[in-house]
Structure formats: structure tokens, C-alpha cells
Amino acid sequence: MSKQAPLQRYEALMLTTPELTKDETVFIEKQIDEAVRKAAGSVISFERWGKYRLEYPVHKNDYGVYLLTRFEIPEGSQALKDLQTIFAIKLNLIVMRHMVHALESTASLAYQRPKSLEEAPESGDGRGFLRDHRKIEGLISAVDSSGRFGESTDDLEDDEDLD
């Protein structure tokens, strides 16, 4: 009898096109679920956070829909590579950006999701989702002090106009 590898928790944050349909959301969920189940893992949650105004355009879009999924797979599994392939080939027209992050096994899965434009269109201008909501744990802790993923060479202020 072989010993099964311990399970590792992950979360994937996806930024999709602003015109994301319910069918496309179901398709994304199904693709992730199939890859995780193939690796003898399980999906813990799949949530549509909603539509947000982006800090800067991504693929010429000023808005995007965020999706968050959390799953468990055996350590050393092929599933992470399979998910990268799925994002690069099957979902490349829908998912503009994605990020997969390993979670601490003891970390709480609770978080406070900010209101989306669909839920609270009157609140502020909707800019800088990641900058304004740093208190969300997990993936959001990977955002630097400027509110952007990774390094940025853009030194312009938010409201500065380009001539």
C-alpha cells in the first residue's frame, strides 16, 4: 500500500475580461476542478468577487472581474503545471492575469472581500483595488507598496495626465 503525499492548500486569483459571462465563469470553474481532481485533490471554494476598476489598463481594459479559487492537491503534484497550461492555452482569451499562491496549512480561509462595482457603484471611483484593500490575506500580501504585483517602472501618479 503506497503512502499518499500530504495535501498542500493553494489559492488562485484570476483577473478576467470585464465582459465575463456566467457560462465562461462555469467553464473556468470546470477546467480548474478537472485539473485538481485529476491530481487527487479537491476544490475548497470558487468565488466570483465581481467587477473592479483597475489601477492601470490590462489588455486595453480599464475594468476586470476577479475570481478566487482555493484548492488542495498532494505535494509534488503535476496539477500546478497543468493549471499553468490551462491558463495559457484554454483560458488565454478570458483570463487576463492569474496568480497561484501556496497557503499555510494552519492559515484561516476567512477574509473580507471588498465590495465590487456591481455591489457598490457609488463608493469612490473604484480605482486601485489591490492598493486600497491590502488587508485581504493570501495573494494580496504579494502586492508591493505601490499596490501593484511585482516591480513597476511607472512613476506617474494616478491622476497625472499625459500630454
Side-chain angles (χ1 to χ4, degrees), residues 1-120 126 129-130 133-144 147-151:
M1 182 177 255
S2 66
K3 186 176 180 180
Q4 186 176 355
L7 294 177
Q8 172 66 50
R9 283 186 181 171
Y10 292 91
E11 65 182 6
L13 182 65
M14 296 155 277
L15 174 63
T16 68
T17 57
E19 305 84 18
L20 184 71
T21 66
K22 185 163 180 73
D23 288 341
E24 289 170 329
T25 303
V26 170
F27 180 72
I28 292 169
E29 183 176 10
K30 184 183 255 187
Q31 292 298 311
I32 292 171
D33 187 58
E34 286 175 7
V36 169
R37 286 184 188 276
K38 181 180 169 188
S42 63
V43 173
I44 298 168
S45 67
F46 185 91
E47 299 175 56
R48 182 184 190 278
W49 278 11
K51 188 175 188 177
Y52 294 89
R53 180 166 172 80
L54 304 175
E55 181 71 22
Y56 54 91
V58 176
H59 294 256
K60 300 181 182 179
N61 290 296
D62 292 327
Y63 294 87
V65 175
Y66 281 93
L67 303 173
L68 177 74
T69 187
R70 292 180 172 173
F71 55 92
E72 292 179 320
I73 54 173
E75 289 181 3
S77 165
Q78 178 71 25
L80 293 179
K81 289 181 183 177
D82 292 345
L83 283 172
Q84 291 298 336
T85 301
I86 289 168
F87 286 127
I89 297 172
K90 291 185 177 181
L91 302 175
N92 69 330
L93 297 177
I94 303 170
V95 177
M96 299 186 295
R97 298 273 194 272
H98 70 279
M99 184 173 173
V100 178
H101 178 74
L103 297 173
E104 299 282 332
S105 61
T106 59
S108 169
L109 295 177
Y111 61 88
Q112 181 181 0
R113 181 183 60 83
K115 290 187 176 184
S116 69
L117 292 175
E118 295 129 339
E119 296 168 327
F129 166 78
L130 294 176
H133 302 287
R134 284 195 193 103
K135 60 186 167 187
I136 299 172
E137 296 298 320
L139 288 177
I140 307 307
S141 64
V143 177
D144 67 13
R148 296 189 175 130
F149 287 109
E151 296 181 10

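Atoms considered below: every heavy atom in the structure, side chains included; atoms not considered: hydrogens, waters and symmetry mates.
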### Task
State, to 0.1 Å, how close Phe71 and Val43 come at their nearest heavy-atom pair, and which atoms those are.
CB-CA, 3.9 Å
### Task
For Gln8, enumerate each residue passing the side chain to side chain donor-acceptor pair (under 3.5 Å) test, keeping only those at least two apart in sequence or located in another chain.
none
### Message
Using the side chain to side chain contact (heavy atoms under 4.5 Å, CB included) definition, which of the options Thr17, Leu15, Leu67, Ile28 pairs with Val95?
### Response
Ile28
### Listed once per pair and sorted, the salt bridge (Lys or Arg N to Asp or Glu O under 4.0 Å) pairs that draw on residues 12-35, sequence neighbours left out
Asp33-Arg37
### Task
Could you tell me which non-hydrogen atom of Ala12 sits nearest to which non-hydrogen atom of Val100, and how far apart they are?
CB-CG2, 4.0 Å
#### Entry: Distance-minimising heavy-atom pair for Met96 and His59
O-NE2, 3.6 Å
Just distance, no hydrogens or angles: give the donor-acceptor pairs under 3.5 Å from side chains in residues 77-88, sequence neighbours left out.
| unit_1 | atom_1 | unit_2 | atom_2 | d |
| --- | --- | --- | --- | --- |
| Ser77 | OG | Ala79 | N | 3.0 |
| Gln84 | OE1 | His98 | NE2 | 3.0 |
| Thr85 | OG1 | Lys81 | O | 3.1 |

### Summary
One should read off an interatomic distance between Arg9 CZ and Ile44 CD1, to the nearest 0.5 angstrom, of 4.5 Å
### Task
Report the distance from atom CD1 of Ile32 to atom CZ of Phe27, rounding to the nearest 0.5 Å.
10.5 Å
### CZ on Arg70 to OH on Tyr10, rounded to 0.5 Å
15.0 Å
### Query
Does any N or O in the side chain of Thr69 come within less than 3.5 Å of the main-chain N or O of Ser45, such that one atom is a donor and the other an acceptor?
yes
### Task
Search all heavy atoms of Tyr52 against all heavy atoms of Trp49 and return the closest pair with its distance.
OH-O, 3.7 Å
### CD (Glu104) with more than 12 external heavy atoms under 6.0 Å
no
### Query
Can you tell me how far the CE atom of Met14 sits from the OG1 atom of Thr25, to the nearest 0.5 Å?
9.5 Å
### Summary
Heavy-atom nearest pair, Ile89 first then Asn92, reads O-OD1, 3.2 Å
### Query
Taking the side chain from Thr16 and the backbone from Val65, do they hold a donor-acceptor pair closer than 3.5 Å?
yes
### Task
Could you grab the distance from atom CG of Leu68 to atom CZ of Phe46, nearest 0.5 Å is fine?
9.0 Å
### Query
Taking all non-hydrogen atoms of both residues, which atom of Leu7 and which atom of Ala40 are closest, and how far apart?
CD2-O, 4.5 Å
